[in-house]
Amino acid sequence: MRGETDRLVDTSLIEGAVVDLVVRAANAATAVDAQRLVSELRTFSGVRSADIVPAVMPVLGDLDLLERLPVGPAQWGQELRVEFSAEPARAELLTAASEIAAAADRALTVPCRAVPPPPMLGSPLAWAITAGARAMILCVEPGRGWSALSDSFTATLGYDRHHPPDFRLLDIVHPDDRPAAVGLFLASCAGRPPEHAVDLRVCTVNGRWRTIEIAARSFVDDPAVGAVVFFGLDVTGQRDAERNARIEQQRLARLVETMDDGLLMLDEDGQVCLANRAAHRLLDTGVLDVSPEHDPDDAEPLDWSQVIARTIHRLGRETAPIDRLRNGYRTRRAVVGEEMAFEDGRVLELDLVPVTGPAGPGGTDGGTLIHLRDVTSRVAVRRGLEERSRGLEERNRALIEATALNNEFVASVSHELRGPLSSVVAFSHLLGDSASGELSEDQQTYLAVIDRNANRLLRLIEDLLLLSRLEARTLQLKPTPTRLPELLAVAVAERTPAAQAAGIDLRLECTDGPEVVCDDTRVHQVVDNLVSNAVKFTPSGGRVSVKAWPGPDGEGWSVSVADSGVGIPAADLPRLFSAFFRGSNVTAAVGRQVMPGTGLGLVVSRAIVELHGGSISVASTEGVGTTVTLSLPTRPARNGG
């Protein structure tokens, strides 16, 4: 009769069979009965197809001749779909189809409750294997109820299989999974259980959801059984792990695709098996969409051998990087930071890293990872820095040569000037000697001016020579163990007469401490410079205090020279240690005539202190005073020269 389904038939020939089908549908009690009626409906001429299916299943066929009749509660999502071949057949058979749908609906609404397990079936061994099976085994007898045959039902869900609670089996299935559970049951009642297992979330006795993988076997046509048997395995942990793995895989895929660096993965045969969007962009493959959602079957496969050949061609004559990469790939050796400069000016940096895979027939070769980076900007900056560095080196050499010439010139001129000036000073002393005859008052004044300025020039020459040697690092320190309190006492004593003559209170405060290894002559020179400056720029009635104290744990010394003099303007402080610089207020009245200085005292002092490995600092407030503090290590950090 199925061969005649696509032609118009004389419906009067099947009227009796239809009536019989309607009567039996009205008396159907179980889902098995309803499915048998559906199967019989499919045999009628004028019916192309008839099945109870999930309502979400795609609709196929002629929609004008398709009837969709709901089966069971709407939330279970089942319906009887009947496609007719012609309108007369539809009119003739629609009543029977509706009655069958009603029968299936009644069967599903009858509560399927738990019943005690059936008595032992088969041999005791078979029954023992069933009861001790790892899988949960449930037997559902349409029209009677369900029972658990294996102890794993109790172990997994917590319900006592021998005395199960009075609930429907669907009551412990998650509401969102009930359509799938009902569909699985209906298909099994039709004798066509799905080939693949279905995941259902099932509630435990403690109210927790477990994911159970369900497979079904239909024995409804077996008179000795007449039931549907379900086998369930708890796969909650496995599904959680799979879900987490999918999430991590998607996250990793998004990370790889959003990277600015290109990634290529070669399999053990050297074929590209993974390439992210950046790799396609850097290698100019022309492929724009490599996202996981993109179907590679929609486009022509990419010939990576051509891409690589084109890339090598763009390198021009620079083939050394390719040779090194090929050798690294062949020998399974990592190549890191290989730069490839293209003729168009781009520079790509490439890492080639062998990946170790699981052991197999071919060894542990897991492929090769290639990491690409566009370093064009970085290389341009590096080359610019290299050029600037070369320019700076040339200028440094020129400065060193100029400094050497300057030091040589200063030393030569100073040497030439020191001899005549020494003679001037010596002869001025002879002229002032009473044995050379009496001088008039004007002559004595002129002679004092000559002596004062000649001595000033000599000090300037000495400072220039010392500064030149310090800058050229040709000054050799002569370190000796020194009692710093004694050195300070001598320096202060030498300046005490001048301080008293100017009406200044000069004091020394120094505690005892360890010896310091230093060039006592140079340190004395530094202290003398500082005390001399303090006395020079302090008005009459002021005070100058020299203090010294050892550092923590006896390491090093600190020395300060503080005065209540004219101070230094804040604008002058940054230039205080510049050669020949003098403060803008040095001409300020201090109540007496002040001999002008050379502007080299602080410069020389700092150079000597730093040559010992120490430091010097100045704090000053104009009109209040100045404090100069220097620190010296117990032993000099280095020697000059």
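We're numbering straight along the sequence, starting at 1.
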Under 4.5 Å between any side-chain heavy atoms of Ser532 and Arg495, yes or no? yes
Spell out, as yes or no, whether a donor-acceptor pair under 3.5 Å connects the side chain of Arg346 to the backbone of Leu282. yes
So, taking the atom named CG in Leu385 and the one named CZ in Arg382, what distance separates them when rounded to the nearest 0.5 Å? 10.0 Å
Atom CZ of Arg310: over 12 foreign heavy atoms under 6.0 Å: yes
Would the number of heavy atoms belonging to other residues, nucleotides or ligands and lying under 6.0 Å from CZ of Arg333 be above 12? yes
Whether Asn327 side chain and Asp323 backbone form a donor-acceptor pair below 3.5 Å: no
Please report the closest heavy-atom contact between Thr626 and Gly567, naming both atoms and the distance. OG1-CA, 3.5 Å
Decide side chain to side chain contact (heavy atoms under 4.5 Å, CB included) for Gln525 and Asp528; before the verdict, give the C-alpha distance in whole Å, the side-chain angles of both, and the deciding distance to 0.1 Å. CA-CA 5 Å; Gln525 181 179 358; Asp528 183 68; 5.7 Å; no
Judged by atom type as modelled, is there a donor-acceptor pair below 3.5 Å linking the side chain of Asn276 to the main-chain atoms of Val256? yes
Is there a side-chain contact between Phe342 and Val347 in this structure, where contact means two heavy atoms from C-beta onward sitting under 4.5 Å apart? no
In short, Pro354 meets Leu352 closest at the heavy-atom pair CD-O, 3.9 Å
Within this structure, what is the CG-CD distance for the pair Leu263 and Glu257, rounded to the nearest 0.5 Å? 9.0 Å
Counting only heavy atoms from other residues, nucleotides and ligands, does the tally under 6.0 Å from CZ of Arg314 exceed 12? yes
Indicate whether the side chain of Ser631 and that of Ser615 have a donor and an acceptor atom separated by less than 3.5 Å. yes
Would you name the heavy atoms of Met340 and Pro321 that are closest together and state the gap between them? CG-CB, 4.0 Å
Passes side chain to side chain contact (heavy atoms under 4.5 Å, CB included), Asp240 versus Thr236? Steps please. CA-CA 6 Å; Asp240 289 344; Thr236 306; 3.8 Å; yes
Give, for atom CD1 of Ile370 and atom CD1 of Ile308, the distance between the pair rounded to the nearest 0.5 Å. 7.0 Å
For the CG atom of Asp512 and the CG atom of Leu484, what is their distance to the nearest 0.5 Å? 10.5 Å
Ignoring hydrogens and angles, tell me if any N or O in the side chain of His612 forms a donor-acceptor pair with the backbone of Pro479 under 3.5 Å. no
Start with the C-alpha distance between Thr368 and Arg332, add both sets of side-chain angles, then the distance that settles side chain to side chain contact (heavy atoms under 4.5 Å, CB included), and finish with yes or no. CA-CA 8 Å; Thr368 303; Arg332 303 288 297 163; 3.2 Å; yes
Rounded to the nearest 0.5 Å, how far apart are CZ of Arg243 and CD1 of Ile247? 6.5 Å
Presence of salt bridge, Glu242 and Arg239, under 4.0 angstrom: yes
Backbone N/O of Arg543 and side chain of Ser564: donor-acceptor pair under 3.5 Å: yes
Side chain to side chain, Asp374 and Leu348, heavy atoms closer than 4.5 Å: yes
Please indicate whether Gln249 has more than 12 foreign heavy atoms, meaning atoms of other residues, nucleotides or ligands, lying under 6.0 Å from its CD. no
Are any of the side-chain heavy atoms of Glu248 and Leu252 separated by less than 4.5 Å? no
Under 3.5 Å side-chain donor-acceptor pair for Thr258 and Arg277: no
Pairs in or reaching into residues 557-566: which pass salt bridge (Lys or Arg N to Asp or Glu O under 4.0 Å), with residues at least two apart or in two chains? none
Given side chains that start at C-beta, do those of Tyr329 and Val335 come closer than 4.5 Å, heavy atoms only? no
Side-chain contact test, heavy atoms from C-beta onward, threshold under 4.5 Å: evaluate it for Trp304 versus Leu283 and give yes or no. yes
Listed partners of Arg281 passing salt bridge (Lys or Arg N to Asp or Glu O under 4.0 Å), at least two apart: none
Is there side-chain contact between His371 and Asp261, with heavy atoms separated by less than 4.5 Å? yes
CD1 on Ile608 to CG on Asn529, rounded to 0.5 Å: 7.5 Å
Exam field: side chain Thr521 to backbone Asp519, donor-acceptor pair closer than 3.5 Å: no
Is the shortest heavy-atom distance from the side chain of Arg522 to the side chain of Leu611 under 4.5 Å? no
So, applying salt bridge (charged side-chain N to carboxylate O under 4.0 Å, His left out) with Glu338, which one of Arg373, Arg326, Arg324 is it? Arg324
Taking all heavy atoms of Ser560 and all of Trp549, pick out the closest pair and write down the distance. OG-CZ3, 3.9 Å
Shortest non-hydrogen separation from His280 to Ala275 and the atoms involved: NE2-CB, 3.6 Å
Could you go step by step and tell me if Leu530 and Val559 meet the side chain to side chain contact (heavy atoms under 4.5 Å, CB included) rule? CA-CA 11 Å; Leu530 300 181; Val559 179; over 6 Å; no
Which heavy atom of Gly625 sits nearest to which heavy atom of Ser620, and what is that distance? O-OG, 3.2 Å
